[in-house]
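Inspection log for the structure reproduced underneath, given as structure tokens.
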Amino acid sequence: MHDHAALKRASLRGDPVVPLYVFEPDFWQLPDASARHFSFLLECLQDLRRELAQLGQTLIIRTGDVTGVLEELSRAHPIAGLWSHEETGNAWTFARDKRVAGWCRSKGIAWTECRQTGVLRGLKSRDGWARKWDGFMAEATIEPPHLEPLPGIDPGHPPGLQELGLADVPCPGRQQGGRSRALSTLESFLFSRGKTYRAAMATPVRAFDACSRLSPHLTFGTVSMRETAQAAWARQRELKQSTFAGRTTWQGAMRSFSGRLHWHCHFMQKLEDETRLENQNLHGAYDGLRPSTPDETRLNAWQAGETGLPFVDACMRCLAATGWMNFRMRAMLIAVSSYHLWLDWRAPGEHLARLFTDYEPGIHWPQVQMQSGTTGINTIRIYNPVKQGLDQDPDGTFVRRWVPELAGLDGQLVHQPWKADGAGKVLGKTYPFPIVDHLRAAKEAREKVWAIRKGQSFRGKAADIQQKHGSRKSGIPMRGQERTRRRTRAKSSPDQTDLFESSS
């Protein structure tokens with residue numbers, strides 16, 4: 001209810017306002033929906049219901065098709081107007097919104113959608129986008145209004161998992177939802193956890209503590225992007241006036257974090273402008289490159305964390321148990337599926353969407369395509385899964401925790417168990433042999449993907465994509481090393497940096 005433009009504007013009419021949340025059964029049957037999303041949402045709604053009751057009118061909850069729910073409500077309480085936030089959802093929610101718009105037109109009801117992020121509807125050009133983001137985030141946050149209660153309306157209750165047909169897959173380490181937890185997470189990041197943000201974000205050993213962990217709260221709206229940006233700016237101003245030891249490290253962390261808040265909306269803007277990113281290759285030259293029907297053996301092994309590549313499997317198992325993973329490891333997971341296992345990005349993308357508690361379609365699908373090499377404008381980045389393990393988990397602590405079958409191996413051999421003496425006691429018995437030769441698979445994938453990129457027709461289409469979706473160099477903050485990288489790679493896309501705490 002805080003910084004909630006739709007709620008505020010609805011209240012200005014002076015009529016009773018009904019805060020309404022609708023559980024849509026068809027939505028929860030989508031291949032990118034899961035029980036962990038539902039459970040986080042329930043916790044958010046519990047907080048919201050308590051807060052709204054203090055304003056005067058509790059949250060009304062219904063289950064069913066939105067237009068059917070609105071029709072039923074309108075019979076008992078004539079609807080003067082409908083207010084909501086704009087959202088950049090998946091194709092299903094886009095089609096749902098069209099149905100709602102049609103219902104509103106048929107009833108003569110005005111539907112007002114309010115902007116809530118840096119995403120701009122109907123954007124004609126990316127020029128000046130970052131300045132507009134800054135301007136929107138600098139506006140004063142919106143205080144919650146008093147609500148006149150509407151007597152005689154049943155508040156309703158949420159459905160259960162079984163009612164929505166959701167499998168109750170355990171996620172014991174999942175973050176908890178609700179505004180109170182969002183605020184405590186923001187506070188702890190800005191003033192205690194975030195100091196090592198820059199250095200620690202790349203490794204899953206340290207990223208769980210050092211990263212903001214705000215992504216599910218931004219996804220579900222328990223804290224607004226504007227509140228988050230302003231809190232980060234206030235922290236930067238405070239640091240600038242301080243002289244304590246470690247201030248410089250903190251300042252670097254806050255600059256990086258503020259930059260990544262831009263990138264959060266930058267990627268959502270891509271899906272807003274190009275809805276087919278969810279289900280079609282951005283660059284058509286990649287159509288048919290990989291089999292449309294995935295190899296089930298490889299897909300199942302990757303999903304289960306049983307590829308025989310220890311660091312990959314550790315990351316997948318950790319994600320399944322916690323609902324979160326730092327960005328570099330997210331990128332590695334999708335890259336291994338796309339290049340080493342040669343799987344089309346759609347099925348792996350849906351699996352990761354179900355696992356990420358913070359699944360945000362506008363960030364997720366552009367990133368999945370980017371890491372799969374199908375955008376046509378990004379450098380092909382094929383992660384070496386063994387090297388990533390040696391770099392990000394040098395003593396094997398992370399792998400031993402999540403792949404306990406290998407806990408008995410010494411030192412760095414945990415990342416390459418096939419090189420260990422007595423490997424036969426483990427491999428093929430309690431832990432699988434590698435499903436592919438990762439070096440050979442990477443070489444073959446690189447040759448296939450780069451072969452597509454040759455030719456004037458490919459470059460012409462890529463230039464059009466870059467013009468529409470690429471960031472503008474003058475707009476989005478980057479670290480010095482990333483500025484250098486762009487200057488030295490003249491043919492590279494402005495999107496090929498590691499600035500993606502936006503999705504983590």
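Position 1 is the first residue of the sequence; numbering continues from there.
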Worksheet item: Does R255 reach the side chain of Y197, with side-chain heavy atoms less than 4.5 Å apart?
Response: no
Fill in: Y21/F23 aromatic ring centres below 6.0 Å
yes
Worksheet, complete the sentence: In this structure, CG of L282 is separated from CD1 of I465 (nearest 0.5 Å) by 4.0 Å
Practice prompt. Can you tell me which residue pairs pass the side-chain hydrogen bond (donor to acceptor under 3.5 Å, both in side chains) test with a partner in residues 56-66, sequence neighbours excluded?
Written response: D65-T67, D65-R99
Discussion item. Going by side-chain hydrogen bond (donor to acceptor under 3.5 Å, both in side chains), R126 matches just one of H266, Q466, Q269. Which one?
Written reply: H266
Practice prompt. Please report the C-alpha distance between S258 and Q236 in whole Å, then the side-chain angles of each, then the deciding distance to 0.1 Å, and finally whether the side chain to side chain donor-acceptor pair (under 3.5 Å) criterion is met.
Written response: CA-CA 9 Å; S258 294; Q236 287 176 286; 3.1 Å; yes
Worksheet item: Do R346 and E278 sit within salt-bridge range, that is, some charged N less than 4.0 Å from a carboxylate O?
Response: no
Worksheet item: Should we count CZ of F94 as having more than 12 external heavy atoms under 6.0 Å?
Response: no
Discussion item. Looking at every heavy atom in both L277 and P366, which two are closest together, and how far apart are they?
Written reply: CD1-CG, 3.9 Å
Item to complete: To the nearest 0.5 angstrom, please state how far the CD atom of Q116 sits from the NE2 atom of H4.
Response: 8.0 Å
Discussion item. For a ring pair (Phe, Tyr, Trp, His ring centres under 6.0 Å) check, start with the C-alpha distance between W302 and H351, then their side-chain angles and the critical distance, and finish with the verdict.
Written reply: CA-CA 10 Å; W302 177 82; H351 178 72; 5.6 Å; yes
Fill in: Residue pair S338 / Q371, side-chain donor-acceptor N/O under 3.5 Å
no
Discussion item. Can you confirm if the NZ or CZ of R290 lies within 45° of the ring axis of Y339 and under 6.0 Å from the centre of its six-membered ring?
Written reply: yes
Worksheet item: Where is the tightest heavy-atom contact between M137 and Q230, given as atom of each residue plus distance?
Response: O-NE2, 2.8 Å
Fill in: Student check: side-chain heavy atoms of W133 and L120 closer than 4.5 Å
no
Worksheet entry | Under 3.5 Å: donor-acceptor pair, side chain of R49, backbone of P155 | yes
Worksheet item: For W365, which residues count as a side chain to side chain donor-acceptor pair (under 3.5 Å) partner, sequence neighbours excluded?
Response: Y359
Worksheet item: Are the side chain of T379 and the backbone of R381 linked by a donor-acceptor contact shorter than 3.5 Å?
Response: no
Discussion item. Contact between V336 and T307 at the side-chain level, heavy atoms closer than 4.5 Å - yes or no?
Written reply: no
Discussion item. With a 6.0 Å cut-off on the ring centroids, do F356 and W324 count as close?
Written reply: no
Worksheet item: Step by step, would you call S224 with D3 a side chain to side chain donor-acceptor pair (under 3.5 Å)?
Response: CA-CA 7 Å; S224 74; D3 200 27; 2.7 Å; yes
Under 3.5 Å, sequence neighbours excluded: what are the donor-acceptor pairs made by side chains of residues 5-12?
{"residue": "S11", "atom": "OG", "partner": "K8", "partner atom": "O", "Å": "2.6"}

Worksheet entry | Shortest non-hydrogen contact between T357 and F220, atoms and distance | O-CE1, 3.4 Å
Item to complete: Give the intermediate values and the outcome of side chain to side chain contact (heavy atoms under 4.5 Å, CB included) for residues H364 and L352.
Response: CA-CA 9 Å; H364 184 77; L352 291 179; 3.8 Å; yes
Worksheet item: Which distance, rounded to the nearest 0.5 Å, do you find between the CG of N326 and the SG of C318?
Response: 9.0 Å
Worksheet item: Are the side chains of C265 and M225 in touch, meaning some heavy atoms are under 4.5 Å apart?
Response: yes
Worksheet item: Any side-chain heavy-atom pair from D295 and L341 closer than 4.5 angstrom?
Response: no
Discussion item. What I want to find out is whether E87 reaches R96 closely enough, with some N-O distance under 4.0 Å, to be called a salt bridge.
Written reply: yes
Worksheet item: Got a sec: does the CD of Q29 have more than 12 other heavy atoms crowding it under 6.0 Å?
Response: yes
Worksheet entry | Stepwise side chain to side chain contact (heavy atoms under 4.5 Å, CB included) check, Y286 with W345 | CA-CA 11 Å; Y286 290 106; W345 52 266; over 6 Å; no
Item to complete: Report the C-alpha separation of F267 and H262 in whole Å, then their side-chain angles, then the decisive distance to 0.1 Å, and conclude whether the ring pair (Phe, Tyr, Trp, His ring centres under 6.0 Å) test is met.
Response: CA-CA 9 Å; F267 274 91; H262 280 84; over 10 Å; no
Worksheet item: Taking it one step at a time, do N90 and L30 satisfy side chain to side chain contact (heavy atoms under 4.5 Å, CB included)?
Response: CA-CA 10 Å; N90 58 21; L30 296 174; 3.6 Å; yes
Worksheet entry | Closest contact, heavy atoms only, F208 versus R213 | O-NH1, 3.0 Å
Discussion item. Using 0.5 Å steps for rounding, measure from the CD atom of Q303 to the CZ atom of R298.
Written reply: 14.5 Å
Worksheet item: Got a sec, which residues hit side chain to side chain donor-acceptor pair (under 3.5 Å) with E274, two or more places apart in sequence or on another chain?
Response: R276, K468, H469
Worksheet item: What's the verdict on salt bridge (charged side-chain N to carboxylate O under 4.0 Å, His left out) for E227 and R179, showing C-alpha distance, side-chain angles and the deciding distance?
Response: CA-CA 12 Å; E227 288 178 289; R179 180 168 175 83; 2.7 Å; yes
Discussion item. I'd like to know if the side chain of R121 reaches the main chain of R115, judged simply by a donor and an acceptor atom lying under 3.5 Å from each other, with no hydrogens or angles considered.
Written reply: no
Discussion item. Show, in sequence, the C-alpha distance, side-chain angles and deciding distance for I79 and S74, and conclude whether the side chain to side chain contact (heavy atoms under 4.5 Å, CB included) test is met.
Written reply: CA-CA 6 Å; I79 297 175; S74 70; 3.8 Å; yes
Discussion item. What verdict does the side chain to side chain donor-acceptor pair (under 3.5 Å) test give for E272 and T88, after you've listed the backbone C-alpha separation in whole Å, the side-chain angles of each residue and the deciding distance to 0.1 Å?
Written reply: CA-CA 6 Å; E272 177 71 28; T88 303; 2.8 Å; yes
Discussion item. Do H77 and I153 make a side-chain contact, defined as non-hydrogen atoms from C-beta onward lying under 4.5 Å apart?
Written reply: yes
Worksheet entry | Heavy-atom check, side chain of F40 versus side chain of R181, under 4.5 Å | no
Fill in: Cation-pi check, R226 onto F136 ring (under 6.0 Å, within 45° of axis)
yes
Worksheet, complete the sentence: Between M316 and L355 the two heavy atoms that sit nearest each other are SD-CD1, 3.8 Å
Practice prompt. Find the distance between CD (E306) and OG1 (T297) and round it off to the nearest 0.5 Å.
Written response: 12.0 Å
Worksheet item: Residues two or more places apart in sequence or in another chain: which of them pass side chain to side chain donor-acceptor pair (under 3.5 Å) with K107?
Response: E71
Fill in: Step-by-step side chain to side chain donor-acceptor pair (under 3.5 Å) determination, D358 to T219
CA-CA 6 Å; D358 59 7; T219 294; 5.9 Å; no
Worksheet entry | Nearest heavy-atom neighbours spanning G373 and V449 | O-CG1, 4.4 Å
Practice prompt. Drop me the distance from S84's OG to E113's CD, to the nearest 0.5 angstrom.
Written response: 4.5 Å
Worksheet entry | Min side-chain heavy-atom separation S34-W28 under 4.5 Å | no
Worksheet item: Are the side chain of R328 and the backbone N or O of T203 linked by a donor-acceptor pair below 3.5 Å?
Response: no
Worksheet item: Taking only residues at least two apart or on different chains, which pairs with a member in residues 153-174 satisfy side-chain hydrogen bond (donor to acceptor under 3.5 Å, both in side chains)?
Response: E43-R174
